[in-house]
Each structure stands twice: as structure tokens, then as C-alpha cells.
A.B. asks: 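Mind having a look at this structure? Questions to follow.
Chain naming here is simple, since letters A, B, ... match the order of the sequence lines and numbering starts at 1 in each.
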Amino acid sequence: MYDFAYHKPASIADAVKLLAADPEAKVVSGGHTLLPALKHRLNKPTSLIDLSGIADLKGIKKVGNSIVIGALTRHVEVATSEIVAAAIPALAYMASHIGDNQVRNRGTIGGSVSNNDPAADYPGAVLGLGATVHTSKRKIAADDFFQGMFTTALEADEILTAIEFPIPEKAGYAKMKNPASRYVMAGAFVSKGPMGVRVVINGAGPGVFRQSAMEAALAASWAPGAVAGVKQDADGLNSDIHGSAEYRAHLVGVMAKRAIIAAG
Amino acid sequence: MDTIIPFEGIGASVRRKEDLRFLSGRGHYTDDINRPGQTYAWFLRSPHAHARIRAIDLAAARAMPGVIAIFTGEDMAADKIGGVPCGWQIHNKDGSPMAEPPHPVLAQGKVRFVGDAVALVVATTRPQARDAAEAIIVDYDVLPAAADMHQAQAPGAPAVHDDIPSNICYDWHIGDKATTDAAFANAKHVVKFELVNNRLIPNAMEPRAAIGDYDPTTDEHTLYTTSQNPHVIRLLMGAFVLNIPESKLRVVAPDVGGGFGSKIFHYIEEAAVTWAAAKVNLPIKWTADRTESFMTDAHGRDHITQAELALDEEGTFLGLRVVTQANMGAYLSTFATSVPTYLYATLLAGCYQTPTIYAQVKAVFTNTVPVDAYRGAGRPEATFLIERLVDVAARETGIDKIAIRRKNFIRPDQFPYQTPVALQYDSGDYFSTLDMAMKASDWAGFEARRAEAAKQGKLRGIGISTYLEACGIAPSAVVGALGARAGLYEVGVIRVHPTGSVTVLTGTHSHGQGHETTLAQLVSDRLGVPVANVDIVHGDTAKVPFGMGTYGSRSLAVGGSAMVKAMDKIVAKAKRIAAHLMEADVADIEFDRGTFRVAGTDKTKSLTDISLAAYVPHNYPIEEIEPGLEETAFYDPKNFTYPGGCHIAEVEIEIETGIVSMVNFTAVDDVGRVINPMIVEGQVQGGVAQGIGQALLEACVYDAQGQLISGSMMDYTMPRADDLAPVSVATHTTLCTHNPLGVKGCGEVGAIGSPPAVINAVVDALRDYGVRHVEMPATPAKIWSIIHANAPRMAAE
Ligand SMILES: Cc1cc2nc3c(=O)[nH]c(=O)nc-3n(C[C@H](O)[C@H](O)[C@H](O)COP(=O)(O)OP(=O)(O)OC[C@H]3O[C@@H](n4cnc5c(N)ncnc54)[C@H](O)[C@@H]3O)c2cc1C
């Protein structure tokens with residue numbers, strides 16, 4: 001990696017100050033996405049702002065009818081949280097299937113959602129539950145947050161602080177893993193609750209997206225067979241050495257059905 | 001003796017001595033070595049698959065902090081440094097030698113694959129060297145690439161080497177064309193088949209590394225390197241590249257974290273750091289990162305083959321015709337040329353009595369990293385072809401796939417068996433390994449399991465492979481006649497110390513195989529010394545006499561045999577000393593596991609009594625016998641060894657996604673005498689894991705411009721524990737008839753026998769879909785498209 005300065009602020013305000021002062025700075029949470037990129041010299045930040053010393057970014061709470069998860073919360077903590085298991089088991093299930101033990105012990109929800117890798121798991125849950133993204137500046141609805149491959153509504157000097165998940169009536173998640181990376185080839189997160197009926201597809205396209213035809217079908221009748229008649233268009237889906245767009249389009253249907261079964 | 005020593009000799013599953021060191025992080029690998037004043041190397045590598053170098057501007061890079069020196073191909077040419085050599089010369093059909101283009105250490109005028117080294121930067125730290133490499137400006141004239149064998153042989157294809165416009169390295173053949181053609185003319189059935197043997201990226205856990213060190217006071221060069229065969233590197237690099245006499249060149253290969261063939265070869269980085277260390281008069285360390293491993297370690301396999309099998313009415317094989325194209329990559333790696341010829345086409349009889357075989361092999365240059373031996377080397381390619389072909393033949397003739405194999409097997413009473421493709425098999429019993437594997441895998445109960453799986457929406461398939469391989473390489477005179485530029489004997493030194501512990505020097509090299517245990521067991525078995533008191537020394541040309549290293553499952557069959565010969569000499573000498581000490585006739589001295597006895601008496605001496613007498617020769621026949629108890633033996637094998645056996649794979653396919661799951665794997669192998677059953681089991685399981693990897697997971701992909709698409713673990717699927725099935729391993733022994741231990745070798749059988757078993761199972765699972773063949777790797781996407789393409793037909797039926 002290239003040389004950089006290192007800061008470890010203790011508050012969100014200090015972190016934002018550091019970030020605003022240096023347009024070439026980057027925040028680091030679990031580092032499981034950023035550090036490999038630095039090692040490959042794909043990224044050349046002048047300074048790294050390590051968020052791990054900020055207590056306000058940690059923890060999982062139930063607030064009214066929502067679960068609020070701090071940005072620095074690690075995947076393993078979400079996977080094993082009793083609060084999450086009781087309120088949104090699909091979210092705990094999803095977190096428990098990210099990467100491997102090492103990744104789940106380091107990677108954070110804030111890092112994953114900010115990064116918005118099209119093949120990542122979390123964006124599926126955030127959009128699929130109609131969550132609200134809390135930042136150092138404002139609150140952003142999931143529907144407005146994800147803006148395509150590796151792009152979000154976050155501004156350069158803005159830090160994701162927490163995610164607020166409304167508790168659904170039911171929710172389910174299913175993914176087909178990429179055989180090599182074990183990230184998502186095609187996944188579906190479905191839910192029914194305060195944010196309506198949602199069918200969100202991750203992995204298959206250049207960014208996470210709502211499958212509105214499937215949502216309509218599922219709203220009309222909540223049953224595994226409900227989406228069988230909806231064909232995902234292959235146009236615009238990802239195509240690579242692991243699978244064609246047609247294959248991914250097919251998998252979208254299969255994963256949606258499985259997610260509905262999982263949701264019950 | 002009152003302490004009871006557990007039996008640690010031949011046949012005991014002694015725990016691996018080396019594992020304490022490895023599992024507790026105390027292994028000592030090349031990158032763990034640091035020399036005083038050490039500097040670091042970074043290689044600037046070509047981003048293009050094929051380009052002419054117009055100019056290299058080093059000015060900015062030279063001014064970077066920490067830079068000690070930067071070298072390019074011009075500097076090496078000025079020093080008259082040659083290219084790295086190829087170790088095996090193949091001749092064309094017409095008798096002319098193969099095309100053998102130079103492989104410069106640093107590119108000379110042209111780059112030929114992504115990763116080809118253009119410049120070597122030496123700096124105080126590794127990041128500084130890398131920073132400076134990024135500041136080098138290379139003016140490339142990018143040329144169209146020949147990224148695969150189709151592109152390389154298309155009309156008007158770019159020439160990888162300007163003076164080889166056809167991109168053909170050799171066009172070679174073996175066998176009798178006329179008799180084979182005649183067999184086809186008279187055949188009732190001819191089964192034709194085209195298949196690909198997929199290109200693989202080895203990915204040893206430890207990346208390659210090399211440290212060059214030069215001592216100006218003695219003019220001695222030392223290379224520490226991740227090698228399976230340090231003497232071979234010393235010979236090739238000293239004699240053919242850098243012109244350093246052996247007496248002034250030491251090559252050390254310390255602990256090595258996996259090789260699988262990829263660390264046999266003499267790589268340019270080794271020569272570059274050795275040469276440059278003397279230029280700058282400082283030690284230089286280079287350690288590959290994983291990206292460089294993907295890009296620059298020699299890849300494996302990569303064949304395209306058309307095969308035809310002729311059969312009579314009853315399914316007896318009459319003849320086999322094979323045309324293979326083999327990818328060499330951009331340059332000839334050390335043993336690349338031998339892999340698709342003498343390690344492949346000579347295996348095409350398999351374990352069958354095919355009376356006549358004719359094979360043609362064309363080796364093709366492409367703008368990709370060199371391809372060379374990878375676990376199994378040629379034999380997996382041959383086995384995949386034969387065992388797929390036999391399955392297809394069974395289907396197309398309507399003969400049961402087991403029956404057709406049994407009908408054509410070489411029978412136990414036919415050994416020694418001369419094949420039509422040069423090899424003479426010494427022993428084997430393919431019927432027994434087949435029977436054992438069918439029983440262990442419950443072959444008979446399969447259809448019930450298939451019906452059960454169908455209820456869960458899964459397609460279950462079973463596949464078999466009955467294979468044979470040739471290893472224990474190799475008789476020097478034979479390989480010499482075939483073009484090898486080296487002998488393939490092995491050396492063993494047995495040093496019995498004064499108080500009875502033993503040091504063994506062996507020219508073989510352990511990079512995960514457990515030699516420190518297995519070879520110690522040979523000593524324990526013969527000399528009665530506890531394994532804990534036997535040390536195996538390997539991997540240092542300053543300590544060990546000239547040996548050829550480890551590959552081709554040769555360490556026990558060849559290296560172990562050398563040790564047996566040396567122990568014979570030890571015992572013969574010790575008996576003479578014992579005779580003297582016990583005042584008996586040497587003919588009356590009996591020896592058994594450490595005890596010398598005067599026959600028919602209770603007079604005994606221990607090995608320690610003898611060794612002490614040998615080194616403290618106060619009461620000693622000094623006029624007749626030299627002091628000391630140390631013997632050296634070189635052993636040149638009389639033949640290859642021929643392990644064989646039967647592998648049975650069972651898979652389930654999820655129809656919706658195309659995911660193939662391994663549900664069961666049974667291996668019954670004849671590896672000759674088993675020294676350590678636990679280690680054999682581990683070797684077979686590891687090989688099977690790699691075979692399953694090849695069959696289901698691993699795909700090396702270059703795009704049409706020659707960029708490596710599968711260049712990281714994110715895109716290249718290495719097998720993981722949950723990709724595998726329980727692998728049950730059993731052995732059935734027929735002894736090798738020509739080496740003193742009766743051993744055959746177990747290092748590669750897993751990777752050789754398993755891929756066709758897995759693909760045969762996949763094809764069997766898809767039997768209702770009219771599928772004749774599935775190319776490796778059988779990824780979910782590939783299987784789904786097969787199912788998807790045939791679904792309308794299925795619905796119609
Ligand atoms: C081997 C491996 C396997 C993996 N498998 C999976 C998988 O199966 N599924 C999956 O979804 N992911 C997977 N990941 C990714 C893993 O979940 C990452 O850790 C995660 O995506 C990023 O989280 P992080 O905390 O490590 O972020 P970091 O690497 O620290 O940061 C990632 C990016 O987000 C920015 N960032 C971090 N935190 C914030 C914040 N609070 N506010 C604003 N910006 C921020 C950083 O500046 C950086 O650009 C895998 C990673 C590895 C190494």
C-alpha cells in the first residue's frame with residue numbers, strides 16, 4: 001500500500017472534521033474491503049480515519065418498532081444478536097452467511113452499506129426492509145440511498161452512523177453464492193410490514209434493486225408460487241465468467257421463491 | 001532393552017514429525033530468512049499479453065527514494081546472461097528438433113504474456129522498490145495477442161516468437177499409425193469424442209520467493225528459493241544462465257509450503273536476484289504476492305483433444321487414435337515439453353489391453369504464462385480422456401460400463417505387460433481395486449439412492465474411473481533416449497552417529513508430503529532406531545550430494561530405494577565390525593532391526609555398540625575397515641512404477657440452480673507397499689481434492705486480449721472443505737517388482753484418478769437430458785444451461 005496518515009478520532013464530530021479537512025481522506029471501519037484495495041494499490045488515500053474508537057457507532061438497540069444498528073457493528077454481532085433474532089431473524093440469517101468467520105468478525109454493517117458492492121449482502125436487507133440510513137448529517141430512506149454500483153447518497157464528508165430497520169411482519173432472504181468469492185451471484189430479500197411488500201434483488205445487477213413486478217404479485221398473494229409467473233428480464237444484469245445474465249435472471253426467480261419460503 | 005518402543009517401521013501410521021513445527025508457526029520458509037543488509041526486489045511486469053518494447057525510461061524511477069539499482073534486459077544482455085533453459089528436447093515427426101525460443105530472464109525487445117518481467121528494481125524496502133517500478137515509463141507498441149490455441153493457429157495469427165510464425169513448438173507422434181488405422185478399418189464400433197482438459201492455476205499456499213546472496217570474499221553465490229529440487233536449479237541456473245560453477249553456487253530450499261509441480265521449474269526471478277545480488281553486492285529478497293502467483297507461476301493442463309476408440313462387436317478395444325493440442329504458453333518452462341508427450345501419450349493404454357495406439361501431439365505457443373507439470377502432469381489428461389471415452393463407448397455400444405472395463409483390463413497374469421506406447425507395466429490388479437471400490441461405495445444400491453434424490457428434486461449420478469499411472473521417475477537411460485537433459489536417479493546418505501542416532505541426507509525434497517516421517521520410518525524399520533532419533537536433511541546443495549528432488553511421485557520409489565542401498569552398505573560394514581567385536585565369523589552374524597547376533601548364540605551387539613566402535617576405534621580391525629559409519633548410495637530406477645486403482649464419485653445436481661454437490665467419494669488405490677497408511681490417506685485425499693477442484697470448480701480464463709480474468713481468489717475457485725465429499729481411502733497392494741521396497745508412489749494418484757470419476761458421475765446424473773459430455777469445470781452456470789437447453793425436450797417427452 002501507499003503511505004498515508006492515520007487518525008483515530010473518539011467522536012463522530014471529530015471524524016467528520018478530519019474528513020472535511022482532507023478531500024483525499026477515507027474512513028475505515030472493518031477494513032475488509034478497504035485494506036485489500038490498499039494492498040493492491042487500487043486506492044491512494046492521504047489519510048485513514050479509523051472509526052473503531054467511536055463508541056457512539058456501536059451497538060444494537062430496539063427503539064419503538066425499529067431495530068437500530070450502529071455503523072460499526074460487526075457482522076458476527078448482528079448474526080448472534082438476540083434482539084435481531086427476535087425481531088428480524090432474516091437479517092440475522094443474512095449476516096451469518098456473509099463471507100467466513102474472519103470476515104464476519106471484522107466486517108461492519110456501516111462499511112458494507114457505504115461501500116454498496118453490487119455483490120454484497122447487506123444492501124439487499126437494507127432496501128428489502130425499507131430501512132433508514134442515519135448519517136452524521138441526516139436520515140436517508142433506503143430507496144434514495146443506493147445509487148448503483150459502489151455509489152450511494154453519502155457525500156464526501158458524511159459518515160454513516162447507524163441503520164434503522166422497521167420490524168417487519170415477515171421477511172426472508174436467499175442467495176446463490178458466487179462459487180469463487182462466495183459473495184452474491186443473485187439474491188432476494190423479501191418482506192411484508194410497515195414498508196409494504198418488498199422484493200429486492202442483490203448480486204444479479206449492477207446495483208441492488210426492487211423487483212416491482214414480483215412485489216405486485218406477492219402483494220396480491222403471499223405464497224411461494226406467487227412470483228413464478230414473473231420473469232426477470234436478463235437485460236442489464238451482470239454477465240461474467242461465473243454466469244450469464246440469463247442465468248442470473250433465472251436465479252432471481254429461484255431466490256425470490258426461496259426467500260418467500262424462508263419468510264413463511 | 002527394557003523400554004518398549006512402539007513399532008515405527010514400515011506399515012505404521014506414525015504421526016508426522018514435521019507437523020509440530022508447521023502447525024505452531026515455526027516452519028522456516030524462504031521469506032522467513034533475512035540476510036544482513038538485505039534489500040528487496042520488485043519486478044515491473046508487462047500489462048500487455050503481446051507488445052514490442054520501444055523504449056524504457058528509468059530516469060524518474062532511479063531518482064526515487066531507496067532505489068539501489070534498476071536492471072533491464074539490456075543490462076543482462078550486456079553481461080551475456082542467457083535465458084532460462086528447457087530441460088527436455090522433443091523431436092518432430094520428421095526427426096527435426098522442436099522449436100526452442102529463448103526465454104530471457106528480463107524481456108528483450110518484446111513481452112509475450114501479462115506478467116512477463118520487464119525490469120528488476122532493487123531498493124532498501126519492498127514498498128520503495130514497488131514505488132520505483134511504478135515510476136518506470138515503458139513505451140509499448142501493443143500487438144494483437146494469440147491468447148489461446150485457437151487464436152494461435154488461426155490464419156494470420158500473431159507470432160508469439162517472430163521466428164516461429166506457425167506458433168508450433170513441435171508436432172510429435174507415438175505409436176503405430178498403420179496398424180492403428182487398420183484396426184479402425186475393421187472395427188464394428190468407432191466412438192469419437194472431443195474434449196478439453198481445462199487449464200489450472202496451481203496456487204500453492206506459500207507464494208514463490210527467492211533471495212540472492214553473494215559473498216565477494218569467497219566469490220560464492222547463494223540462492224534461497226521455494227523449490228522442489230534445489231540441485232536441479234543449481235545445475236540449470238549455474239551452468240546455463242549465469243555461468244557460475246557448482247562449487248561456487250549454493251541453492252537452499254528450506255521449508256516449502258506446497259508445490260504441486262509449480263516449484264519444480266527454474267524461474268527467471270531466481271536467476272535475476274542471484275545475478276543482481278552480485279552486481280549490487282547486497283542480498284536481495286523477492287517474494288511474490290498472490291497476484292504474481294496467479295500471473296507468473298507455471299499453469300497446468302490446457303489440452304484440446306480429439307480421440308477415437310475402435311471396438312469390436314463384444315466391446316473389445318481394437319485401437320485408439322488421439323490428436324492433442326497442448327498449450328505451452330509464451331515460453332518453454334523447464335519440463336513443459338515432456339508433459340504432453342512422454343508423461344501423457346505413453347499413458348494412453350491406461351489399464352486396458354488396447355492393442356494398438358497412435359497419438360499425435362502438437363505443442364502450441366500462446367501469449368499466456370508458461371504451462372508445465374502440475375500434480376499428475378500429463379497423466380490426469382490421459383486418464384480423463386480414456387475414462388471418459390470408455391464411459392461414452394459403453395453407452396454407445398449398450399455394454400455395461402463396468403463390464404466393458406473388466407473385459408478390457410490387463411489381467412494379473414499378463415504382467416509384465418508391454419503397451420503399444422512404450423511403457424512396460426510391472427504389476428497391478430485392476431479387478432481387485434474395482435471390486436473393492438464398488439463394494440465400498442455400495443454401487444449396487446445406487447439406483448435406490450438416485451430415486452430417493454429425485455424425490456427431493458435432485459439428480460443423482462455415479463461415476464467410475466479405473467486408472468493407471470506411471471511415476472517413480474525415472475530410469476535415466478530411458479528418459480535420456482527420449483530427450484531429457486538430466487538423469488533421474490536419486491541419492492541417499494545414511495550417517496549413523498557415534499551414539500546411534502541417524503542423519504539421512506536425501507536429494508528428494510519435502511514440501512508437505514511428510515518425508516521427515518516416512519523416510520525416518522525406513523531407517524527405523526531397517527536399523528531399529530526410533531523415528532525420533534532419525535533426522536532427514538534435504539533442500540540444501542551444501543549439505544546433500546547431487547539429487548534430483550521431488551515430483552512425479554518419486555521420493556520413496558527412487559529416493560527411498562537409494563536409502564535402502566545405503567543402509568545395505570551400513571549393515572554390511574557393521575556386520576564386519578560386529579564380527580570383530582564378538583570374535584565370530586562375519587558369515588555368522590545375523591542382523592535384525594538394530595541387533596547383531598552371532599547365529600545360534602545369545603551373543604549380541606546393538607547398533608550403538610557398533611557405531612561407537614566405528615568412531616572410537618580402539619578395539620577395531622583398523623587395517624581392514626575404515627573407521628566411521630556413513631554410507632552414500634545413488635539409485636537409478638530400472639523402470640517407472642505403475643500405481644493404479646479405482647475411484648468412484650457420487651454427485652447430486654440441484655435442478656433449479658445447476659449446483660453440483662459431491663456426496664461421496666471412494667478411492668481404492670494400489671500404491672505398492674504402504675509405509676505410513678495415515679500419510680497415504682492424506683496424500684490421496686489431497687489429490688482427490690485437487691481433482692474435484694479441476695472437475696467442478698477451477699477455471700483459468702484469459703480473455704481474447706490475453707488478460708488473465710481469473711486472476712485472484714475472487715474469480716478462481718479453489719476447492720474449500722465444504723466443496724468436497726467425505727473421501728474414503730483404501731489400498732490394495734501389488735508390489736512394485738523392480739525396487740527394493742516394492743513401493744509405487746501415492747502423491748499424484750488422487751489428482752489423476754478423480755476428475756473422470758466426477759465428470760462421469762455428472763454425466764450420469766444428467767442421463768435423462770441426452771448429455772454426452774460435460775466439459776470441466778462443471779460449474780453451476782454450465783450445468784444449468786445444459787439442463788435449461790434440454791428442458792423443453794424433457795417436457796415434451
Ligand atoms: C474474503 C472476504 C469475503 C467476503 N465475503 C462477503 C460476502 O459474502 N458478502 C458481503 O456482503 N460481503 C463480503 N465481504 C465484504 C465484507 O463484508 C466487508 O467487510 C464489508 O463489505 C465492508 O465492511 P468493512 O467494515 O470491512 O468496511 P471497510 O473496508 O472499512 O470500508 C469499506 C468502504 O466503506 C467506507 N466506509 C466504512 N465505514 C464507513 C462509514 N461508517 N461511513 C461512510 N463510509 C464508510 C470506507 O471508506 C471504504 O470505502 C467479504 C470480504 C472479504 C475480505
Side-chain angles (χ1 to χ4, degrees), chain A residues 1-4 32-33 36-42 44 97 99-103 117-120 174-188 203-204 224 227-228 231 234 237-259 261, chain B residues 42 65-66 125-128 130-131 133-135 198 201 203 289-292 294 457 654-661 692-693 696-703 707-723 777-789 791:
Chain A
M1 49 181 80
Y2 298 105
D3 274 351
F4 52 80
H32 258 42
T33 292
L38 295 185
K39 285 185 182 169
H40 280 108
R41 299 191 157 199
L42 298 172
K44 196 177 179 175
H97 281 70
D100 50 33
N101 280 325
Q102 289 87 337
V103 172
D117 186 326
K175 75 164 160 177
M176 168 82 184
K177 290 177 182 170
N178 174 308
S181 72
R182 305 270 172 109
Y183 276 68
V184 189
M185 281 266 277
V227 295
K231 245 183 102 59
L237 295 192
N238 301 335
S239 184
D240 58 23
I241 59 174
H242 305 289
S244 62
E246 290 69 33
Y247 179 50
R248 284 188 166 84
H250 164 78
L251 288 176
V252 164
V254 176
M255 295 306 136
K257 181 183 79 181
R258 290 182 182 181
I261 294 171
Chain B
W42 186 267
T125 70
R126 192 167 182 253
Q128 285 172 336
R130 190 174 181 179
D131 287 343
E134 287 178 7
N198 47 325
I201 304 178
N203 269 312
D289 64 14
R290 185 56 64 182
T291 305
E292 283 178 298
F294 271 94
E654 192 179 75
I655 297 172
E656 278 189 328
T657 56
I659 293 176
V660 181
S661 307
I692 291 172
L696 297 182
L697 307 168
E698 297 181 47
C700 170
V701 184
Y702 281 93
D703 71 10
Q707 294 292 335
L708 181 59
I709 303 299
S710 58
S712 81
M713 299 286 179
M714 295 293 279
D715 283 306
Y716 187 82
T717 314
M718 292 296 287
R720 294 175 222 202
D722 64 354
D723 291 316
T779 59
K782 196 179 284 173
I783 297 298
W784 175 77
S785 42
I786 291 170
I787 291 175
H788 184 64

A.B. asks: Counting only heavy atoms closer than 4.5 Å, note whether B:Leu696 contacts chain A via side chain, backbone, both or neither.
C.D. replies: neither

A.B. asks: Could you walk me through whether A:Arg258 and B:Glu656 pass the side chain to side chain contact (heavy atoms under 4.5 Å, CB included) test, one step at a time?
C.D. replies: CA-CA 11 Å; A:Arg258 290 182 182 181; B:Glu656 278 189 328; 2.9 Å; yes

A.B. asks: With B:Arg720, which residues qualify under salt bridge (Lys or Arg N to Asp or Glu O under 4.0 Å), at least two apart?
C.D. replies: none

A.B. asks: Answer whether the closest heavy-atom distance between the side chains of B:Ser785 and A:His250 falls below 4.5 Å.
C.D. replies: no

A.B. asks: Can you tell which of A:His242, A:Glu246, A:Met176, A:Lys39 has the highest number of heavy-atom pairs within less than 4.5 Å of chain B?
C.D. replies: A:His242

A.B. asks: Please classify the contact of B:Asp131 with chain A as side chain, backbone, both or neither, using a heavy-atom distance under 4.5 Å.
C.D. replies: both

A.B. asks: Which atoms of A:Met185 are under 4.5 Å from chain B, going by heavy atoms: the side chain, the backbone, both sets, or neither?
C.D. replies: neither

A.B. asks: Checking B:Asp722 now: which residues fulfil salt bridge (Lys or Arg N to Asp or Glu O under 4.0 Å) with it, not counting sequence neighbours?
C.D. replies: A:Arg182

A.B. asks: Which atoms of B:Met713 come close to chain A, meaning under 4.5 Å heavy atom to heavy atom: side chain ones, backbone ones, both, or neither?
C.D. replies: backbone

A.B. asks: Give, as side chain, backbone, both or neither, the part of A:Lys257 having an atom under 4.5 angstrom from any heavy atom of chain B.
C.D. replies: side chain

A.B. asks: Where is the tightest heavy-atom contact between B:Thr717 and A:Pro179, given as atom of each residue plus distance?
C.D. replies: CG2-O, 3.2 Å

A.B. asks: What heavy-atom pair brings A:Ala180 and B:Met714 nearest, and what distance separates the two atoms?
C.D. replies: CB-O, 3.4 Å

A.B. asks: What part of B:Arg130 gets within 4.5 angstrom of chain A, counting heavy atoms only: side chain, backbone, both, or neither?
C.D. replies: both

A.B. asks: Against chain B, label A:Asn178 side chain, backbone, both or neither, depending on which of its atoms sit under 4.5 Å from a heavy atom there.
C.D. replies: side chain

A.B. asks: Work out which heavy atom in B:Ala781 is nearest to a heavy atom in A:Gly243; give both atom names and the distance.
C.D. replies: CB-CA, 3.8 Å

A.B. asks: Examine whether an atom of B:Glu654 lies under 4.5 Å from a heavy atom of chain A, and if so say whether it belongs to the side chain, the backbone or both; otherwise answer neither.
C.D. replies: side chain

A.B. asks: Got a salt bridge between A:Lys44 and B:Glu134, using NZ or NE/NH1/NH2 to carboxylate O under 4.0 Å?
C.D. replies: no

A.B. asks: Is there a donor-acceptor pair closer than 3.5 Å between any side-chain N or O of A:Tyr247 and the backbone N or O of B:Thr657?
C.D. replies: yes

